[in-house]
Amino acid sequence: MAGYEEEEVKLFGAWGSPFSSRVEIALKMKGVKYQLIEEDTGNKSPLLLKYNPVHKKIPVLLHNGKPIAESIVIIEYIDDTWKSGTPILPQHPHQRAMARFWAKYIDDKLVPMWKSIRSTGEEQEQATKETEEALRTLENELQGKKFFGGETIGLADIIANFLGLWFGILEEVCEIKVLTQDKYPRIHQWINEYVESSVMKTSLPKRSELLSLFQTYFKPTK
Amino acid sequence: MVSSGVQVLGTTFSPFVNRVRISLNLKSVNFELIEENLAAKSDLLLKSNPVHKKVPVLIHDGKCISESLVIVEYIDEKWSGDDGVSILPSDPYDRAVARFWAAYFDDKVVPVLFKLSFGPESERVALIEQLAEGLVPLEEAFMTCSKGKSYFGGDNIGYTDIALGSFIGWIKAIEKMSGIKVLAEAKTPGLVGWVNKFLSTDAAKKFVPELEVYVELLKKMQA
């Protein structure tokens, strides 16, 4: 990895954020050294606002002074830029299209998944319906596959980190169960493989720490 | 023209479908448009896009791909060559910037277009303002991406031009029906210039319907 040391890579993120975590996973898969600049999302730094004026959100990757925002865009950039290390997207155009399709699908379902646990009344009912439909679709997609990316973790799996770790913790803290073992055995199997994988063991936040964080901020809404 | 057994499920007026048609055309790929009646979706559509049941779907080599921007990237990668046309820029950072703005447009601008077209009349004035505001960041984006040239892609249309340009007819129809300009010379001169340049390209003349088409469609839908 000659030359990687000369690169200046900074990540404006937050350890508890799944979006920020996605980028850390990608950087670690490529063996890229980076500096994590922990942002307080309730009190955003001037630098964050300068580097992401459009959305004013984390994560933002700064590579040799050039900023990139939006986690999926950042991950594709990482895959494009650092060619050694583990490939994140597959080689062939059709497989790349499938990876992007599922990454987007999963990304779009984060809000309903969150709301199925955290919102109330009709909003929660609607979100639960959408979440259950999404989980059925993903359960189906995992047929015959270890990961969404096939034998190895790929783009869609990285984007699904919320489902891999955060969602279960949210369910536990808020005492609401949506992702049941009997309905979604393949997803449960995927979660096990996911958190136990060497990639995720070195990249995801510690479950106990995330659980503590959520216990502090989230109490059951019922 | 390369004959390659490519089919596109869609309509002639969907801007999402037109992103695909423009991209295939740029690559000189022959394709057949199978027109769908969105009020009565065909078995082929439901089978080829079971997850979303929407157009566009690209059918090629026995495989189906959906989501317009995913399809555009597929087209760019599948039909690539040293002497061919590139849709995405070659530099990774420029690619990231192009993807960022296309995603911005789909996430922040397109939903407002839908609400304006199909939502309650009472909300329209506020939504028009929201639309105009949503387009403002694209002015700076254009200045940065074009680097003084005619298009986001530089000398020729590229990913961002295709992603945004396919929506011009619809945006202009909304301007006409509301009587309010959302792309105003004063606030977004670069974009106004780009719109005119884009509409004069072969791609736009072939695949971007005139605003009258959208005015008629909207009148029908809002009746």
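Computed over heavy atoms, backbone and side chain alike; hydrogens, waters and symmetry mates excluded. Keep in mind that what you see is a predicted model, and the values were worked out from it rather than measured. Every chain is numbered from 1 and lettered A, B, ... according to where its sequence line falls, protein lines coming before strand lines.
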Below 4.5 Å from any heavy atom of chain B, which atoms of [X] appear? Answer side chain, backbone, both or neither.
X	value
Arg96(A)	side chain
His92(A)	neither
Ala99(A)	neither

Chain B contacts, top residue of Asp80(A), Asp79(A), Ile74(A) (heavy-atom pairs, under 4.5 Å):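 Of the options given, most contacts go to Asp80(A).
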Atom of Glu175(B), atom of Leu183(B) and distance for their closest heavy-atom approach: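 Here Glu175(B) and Leu183(B) meet closest at OE2-N, 2.9 Å.
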Phe218(A) and Phe214(A) aromatic ring geometry - parallel, tilted or perpendicular at 30°/60° bounds: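 Aromatic pair Phe214(A)/Phe218(A) classed perpendicular.
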Mutual orientation of the aromatic rings belonging to Trp82(A) and Tyr77(A) [parallel < 30°, tilted 30-60°, perpendicular > 60°]: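 Trp82(A) vs Tyr77(A) ring planes: perpendicular.
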Side chains of Trp170(B) and Ser117(B), donor plus acceptor under 3.5 Å: yes
side-chain contact (heavy atoms from CB on, under 4.5 Å) partner of Asn161(A), chosen from Ser203(A), Ser71(A), Pro18(A): Pro18(A)
Which portion of Arg95(B) sits near chain A, non-hydrogen atoms under 4.5 angstrom: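 The side chain, not the backbone.
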Selection from Glu73(B), Glu140(B), Lys78(B) maximising heavy-atom pairs under 4.5 Å formed with chain A: Glu73(B)
Option that, when pairs with chain A are counted at under 4.5 Å, heavy atom only, ranks first among Ser66(B), Pro137(B), Ala103(B): Ser66(B)
Sub-6.0 Å ring centroid separation between Phe16(B) and Phe167(B):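 For Phe16(B) and Phe167(B), the ring centres are under 6.0 Å apart.
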